[in-house]
Undergrad: 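The following block contains the structure, expressed as structure tokens.
So that the names make sense, note that chain A is the first sequence line, chain B the second, and so on, each numbered from 1. What you see is a predicted model, and the numbers here were worked out from it, not measured in a lab.
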2 protein chains.
Amino acid sequence: MQTDCRNCPFKTIATSMLSECSLDQLSNNHLELKLKKGESIIKQGTYSTNVVFLRTGLAKIHIAGPYTEQIVKMVNAPSYLGLPTTFGSKINQYSVTAVSDAEVCYIDLEVFQNILDENKEFTREIIQEFCKNELESFNRCANRTQKLIRGNMADAILDFADKIFKSDSFTLPLSQTEFANLVDTSRESVSRVLAEFDKDGIIKVNGRQIDILNKKSLILVSQNG
Amino acid sequence: MQTDCRNCPFKTIATSMLSECSLDQLSNNHLELKLKKGESIIKQGTYSTNVVFLRTGLAKIHIAGPYTEQIVKMVNAPSYLGLPTTFGSKINQYSVTAVSDAEVCYIDLEVFQNILDENKEFTREIIQEFCKNELESFNRCANRTQKLIRGNMADAILDFADKIFKSDSFTLPLSQTEFANLVDTSRESVSRVLAEFDKDGIIKVNGRQIDILNKKSLILVSQNG
DNA sequence: TATAGATTGTGATGCATATCACAAAATAAT
DNA sequence: ATTATTTTGTGATATGCATCACAATCTATA
């Protein structure tokens with residue numbers, strides 16, 4: 001299915017800087033797909049020469065660790081996916097899976113590379129993106145390894161509220177097992193800490209529905225455990 | 001001090017793809033410095049608009065975690081340093097420190113950006129580099145958080161041997177405290193595990209001199225703890 | 001609407017490793 | 001050389017959290 005990228009209402013900042021010509025090239029060389037919650041977008045170990053544009057929806061990036069699957073981070077639209085793994089190697093080095101219904105566009109690497117070559121502003125934005133990701137990656141890793149579970153859980157909840165849903169009330173798009181993989185802990189601990197936060201009046205938990213009641217406390221927990 | 005970058009024998013793959021013109025631009029717009037072991041190259045929290053080229057020597061990238069300083073990774077020459085933090089923000093988001101005597105070139109961000117704009121091949125290589133780093137970052141984080149100390153220590157030792165020194169005999173360029181910050185553990189544990197590995201005949205430890213005696217065992221420990 | 005499978009809640013136990021506390025070496029500074 | 005400072009070795013103790021075990025829900029699917 002080919003749609004006109006010029007009129008796509010879901011452009012990233014980078015994409016909005018493309019020349020008409022490059023947008024046309026994109027239009028003619030992408031495959032648009034509607035995915036349902038839980039469907040795979042990129043699969044680790046699989047051969048691929050496509051960059052993916054997440055047009056709408058929410059996805060998790062996850063990687064097979066030495067013992068368990070680790071959720072590296074959550075990504076919401078609009079965003080490019082799989083740049084590191086597609087540029088770096090023909091075999092995908094991590095997986096991306098939709099955690100909500102989503103629309104994605106598969107773009108051939110050669111086309112993407114060509115667009116990079118021809119659009120300086122676009123390239124700058126993409127490089128900015130890489131830099132931001134690398135910094136976030138450093139910080140996330142330092143936090144995860146140094147903070148106690150309560151701190152990491154608080155971080156994750158704040159992240160969902162501020163970065164993903166932009167609201168202090170939301171329904172977790174992950175099971176407790178997945179949530180555990182995101183904050184590097186066990187499923188049981190997730191359950192316990194969520195109950196603790198609820199008992200302390202910091203959040204209200206109702207199934208997967210989470211309402212932040214006392215954000216200041218939550219930030220304090222994030223800082224001190 | 002301005003030297004001619006054309007004749008610099010320490011180019012990265014990326015740099016070797018620059019046009020004569022861009023090389024001249026580099027030559028006229030960089031500051032070359034000789035640093036001694038322990039001296040700071042980039043300092044977190046400090047204002048900077050320079051990209052750094054590590055011409056010779058070995059450096060550590062480190063970041064202030066919530067509780068302790070974490071060594072993110074070791075980098076040896078030739079390599080660019082500080083791209084993520086310089087592109088992303090004017091304030092350095094992490095530190096880089098020489099752990100051996102080193103030569104570095106400071107390049108103004110504007111000049112570097114201009115060189116990116118004018119050299120497609122160079123840009124491709126730099127992007128490749130970003131991709132490689134991000135993948136490594138994902139894996140390093142998954143390993144660090146999931147593996148036990150012995151596994152992470154084994155990884156670090158193998159990394160020094162294979163990636164940094166390209167030899168199974170080397171002297172650690174870090175104190176045990178720093179080594180602990182690299183593998184996310186305590187100084188005491190580093191001491192103990194090093195003694196264990198020695199006792200088991202996997203490595204020979206003599207002060208900071210390390211000789212890998214049984215690489216297969218070391219790899220096994222890396223995989224299974 | 002019944003039934004199987006997945007998800008969640010919660011106690012009891014064990015373990016890896018941090019922390020504390022010093023002593024012994026090794027380096028650096030005077 | 002001598003003293004001060006940093007680095008390292010090693011035992012004892014404490015603790016955060018994983019793991020195990022099983023019951024209670026909740027959710028798909030026949």
Undergrad: Side-chain contact, heavy-atom cut-off 4.5 Å: B:T171 with B:F160?
TA: no
Undergrad: Look at B:Q176 and D:dT6 and indicate whether a side-chain polar atom (N or O) is within less than 4.0 Å of OP1 or OP2.
TA: no
Undergrad: Under 3.5 Å, side chain of B:E103 to main-chain N/O of B:T56, donor-acceptor pair present?
TA: no
Undergrad: Using whole Å, what does the distance between atom P of nucleotide D:dA18 and atom OH of A:Y67 come to?
TA: 15 Å
Undergrad: At 4.0 Å (heavy atoms only), tell me whether A:S191 reaches a base, stays on the sugar-phosphate, or touches nothing.
TA: base
Undergrad: Once you round it to whole Å, what is the distance between P of D:dG16 and CD of A:E196?
TA: 11 Å
Undergrad: In whole Å, what is the span from the CG atom of A:N206 to the P atom of C:dT8?
TA: 13 Å
Undergrad: Expressed in angstrom and rounded to an integer, what is the separation of A:R208 atom CZ from D:dT25 atom P?
TA: 18 Å
Undergrad: Could you give the CD-to-P distance, from A:Q209 to D:dC26, as a whole number of Å?
TA: 15 Å
Undergrad: Nearest-Å distance, CG (A:N224) to P (D:dG16)?
TA: 14 Å
Undergrad: Do nucleotides 13-29 of chain C as a string where each nucleotide becomes B, S or -: B if the base has a protein heavy atom under 4.0 Å, S if just the sugar-phosphate does, - if no protein is that close.
TA: ---SSSBB---------
Undergrad: Does the pair A:D162/A:K215 count as a salt bridge with the N-to-O cut at 4.0 Å?
TA: yes
Undergrad: For the helix from C:dT1-D:dA30 to C:dT30-D:dA1, what angle lies between the axis at the first five pairs and the axis at the last five pairs, to 10 degrees?
TA: 50°
Undergrad: C:dT7 C1' sits how many Å from A:L174 CG, rounded?
TA: 13 Å
Undergrad: Just the rounded figure in Å: distance from P of D:dG9 to CG of B:D198.
TA: 10 Å
Undergrad: Is a donor on one side and an acceptor on the other found under 3.5 Å between the side chain of A:T145 and the backbone of A:A142?
TA: yes
Undergrad: Any carboxylate oxygen within less than 4.0 angstrom of a Lys/Arg side-chain nitrogen, looking at A:D184 and A:R144?
TA: yes
